[in-house]
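Here's the structure, in structure tokens; my notes come after.
Basis for what follows: all heavy atoms, side chains included, without hydrogens, waters or symmetry-related copies.
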Amino acid sequence: MMKIVKARTELAAAIAAEVAAVIKSTIKSKGSCRIVLTGGGLCLEVLSSLHLAAIDWQKVTVIFSDERFVGLSDKDRNEFQALERLPELEQANFLRYPDTKTDLDNAAELFNSKVEAKFGGLTSDNTTFDLVILGMGPDGHVASLFPVKSYPSQWIVAEADSPKPPSARLSLSYEALGNAERVWFVASGKEKALAAKSAMINSDLPAGRVKGRSETVWWIDQELSDEL
């Protein structure tokens with residue numbers, strides 16, 4: 001499914017309104033909500049718009065799709081940038097990726113154990129996340145999962161050589177991202193058109209490998225839509 005909004009600024013506001021609606025309705029029906037957020041310019045604009053929503057963040061569990069393997073106070077961290085835009089996230093049950101006190105592979109294993117203790121086994125029939133929000137790079141990558149690379153089937157995986165610095169990353173895996181009721185991709189700009197078109201027809205690009213169990217939505221602007 002595609003949802004097209006003409007301008008990028010309007011797109012961010014429209015996504016934020018729908019995110020808030022999903023969170024509120026899920027809390028009403030289940031008592032809590034579990035969401036996956038992501039970094040990137042458009043997604044940060046969404047978080048800025050969410051600042052105006054009356055959400056009971058104490059009933060929301062938040063984890064990022066991926067994180068740069070840097071110190072907790074480093075401005076390159078997705079969570080650092082997100083908290084600048086939406087300070088209310090501090091009130092949520094926030095699963096924070098580890099910093100550089102240990103090496104990358106060990107950090108991945110330790111955080112994988114923590115996430116597994118929180119959510120259970122990845123092969124469980126239960127759906128873990130109510131909503132996963134993902135940006136996409138022009139190469140079709142999502143989170144820190146890149147084309148032509150393989151990753152283990154566990155909650156958290158390590159990426160030591162991201163094409164864009166900082167090169168060391170931690171990320172939810174394909175299986176983890178797909179363990180969701182809804183997956184929403186958010187993308188804008190014609191430079192992402194080829195990857196988006198390929199991903200929408202079930203390609204092997206990372207973006208084409210992640211789908212929600214009941215809903216997969218592409219939120220795009222008019223500029224990207226015109227190139228599809």
Side-chain angles (χ1 to χ4, degrees), residues 7-20 22-23 33-53 55 57-58 60-101 104 107-108 111 114-115 129 131-146 156-172 176-177 180 183-189 191-192 206-207 210 219-221:
R8 177 180 168 127
T9 53
E10 295 171 355
L11 177 62
I15 296 168
E18 291 297 316
V19 169
V22 167
I23 292 173
C33 183
R34 294 171 171 176
I35 64 172
V36 175
L37 299 177
T38 192
L42 179 56
C43 295
L44 289 175
E45 291 176 33
V46 172
L47 293 183
S48 293
S49 295
L50 271 177
H51 181 62
L52 302 175
I55 294 171
W57 288 104
Q58 293 182 6
V60 182
T61 295
V62 175
I63 186 171
F64 275 84
S65 62
D66 65 321
E67 189 56 271
R68 286 81 180 262
F69 191 55
V70 293
L72 292 178
S73 60
D74 195 301
K75 293 183 179 181
D76 278 330
R77 282 180 74 93
N78 286 330
E79 71 169 37
F80 183 95
Q81 297 171 18
L83 287 167
E84 282 193 320
R85 300 294 188 101
L86 185 62
E88 294 91 330
L89 282 178
E90 287 278 17
Q91 303 169 24
N93 180 8
F94 206 162
L95 292 176
R96 303 183 75 183
Y97 283 80
D99 62 6
T100 53
K101 292 178 181 178
L104 179 66
F111 195 49
K114 180 177 180 179
V115 174
F129 301 117
L131 174 62
V132 169
I133 303 170
L134 292 172
M136 182 195 68
D139 61 352
H141 86 265
V142 292
S144 285
L145 307 173
F146 294 94
I156 303 296
V157 298
E159 170 54 67
D161 192 24
S162 165
K164 182 179 178 181
S167 58
R169 310 284 184 91
L170 295 172
S171 178
L172 289 171
L177 293 171
V183 171
W184 291 359
F185 292 95
V186 299
S188 66
E191 71 277 4
K192 297 185 178 181
V210 181
W219 289 86
I220 61 176
D221 65 0

Once you round to the nearest 0.5 Å, how far does [atom1] of [X] lie from [atom2] of [Y]?
| X | Y | atom1 | atom2 | result |
| --- | --- | --- | --- | --- |
| Leu89 | His51 | CG | NE2 | 11.0 Å |
| Ile63 | Lys114 | CD1 | NZ | 9.0 Å |
| Tyr97 | Asn78 | OH | CG | 9.0 Å |
| Glu67 | Leu170 | CD | CG | 8.5 Å |

Checklist line | Qualifying salt bridge (Lys or Arg N to Asp or Glu O under 4.0 Å) pairs, either residue in residues 82-101, two or more places apart | finding: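 Only Glu79-Arg96 qualify under salt bridge (Lys or Arg N to Asp or Glu O under 4.0 Å).
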Margin query: Side chains of Leu177 and Val183, heavy atoms from C-beta outward: is any pair under 4.5 Å?
Written below: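 SC-SC contact between Leu177 and Val183 ruled out.
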Check: Does any non-hydrogen side-chain atom of Trp57 lie less than 4.5 Å from one of Leu86?
Finding: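 A side-chain contact under 4.5 Å exists here.
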For [X], side chain to side chain contact (heavy atoms under 4.5 Å, CB included) partners two or more places apart:
| X | answer |
| --- | --- |
| Ala160 | Leu104 |
| Pro163 | Phe146 |
| Ala17 | none |

Note to self: Show the nearest heavy-atom pair for residues Asp66 and Arg169, with the distance to one decimal.
What the structure shows: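 Closest approach of Asp66 to Arg169, heavy atoms only: OD2-NH1, 4.1 Å.
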Item checked: Which atom of Arg68 lies closest to which atom of Pro166, heavy atoms considered ->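 Arg68 and Pro166 have their closest heavy atoms at CG-CD, 3.8 Å.
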Note to self: Looking at Gly189, is its backbone amide N or carbonyl O close enough to the side chain of Asp221 to form a donor-acceptor pair, meaning the two atoms are under 3.5 Å apart?
What the structure shows: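 Looks like yes, one N/O pair under 3.5 Å.
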Margin query: Could you go through Leu172 and Val132, starting from their C-alpha distance and side-chain angles, then the distance that decides it, and tell me whether this counts as side-chain contact (heavy atoms from CB on, under 4.5 Å)?
Written below: CA-CA 11 Å; Leu172 289 171; Val132 169; over 6 Å; no
Item checked: Side-chain H-bond candidate by donor/acceptor type, Ser144 with Ser171, under 3.5 Å ->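 No.
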Notebook entry, point to check: What residues form a ring-ring contact (aromatic ring centres under 6.0 Å, His included) with Phe69, not counting sequence neighbours?
Noted result: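 Here no residue qualifies.
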Margin query: Run the ring-ring contact (aromatic ring centres under 6.0 Å, His included) test against Phe80 and tell me which residues pass, sequence neighbours left out.
Written below: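 Partners of Phe80 by the ring-ring contact (aromatic ring centres under 6.0 Å, His included) criterion come out as none, since no residue qualifies.
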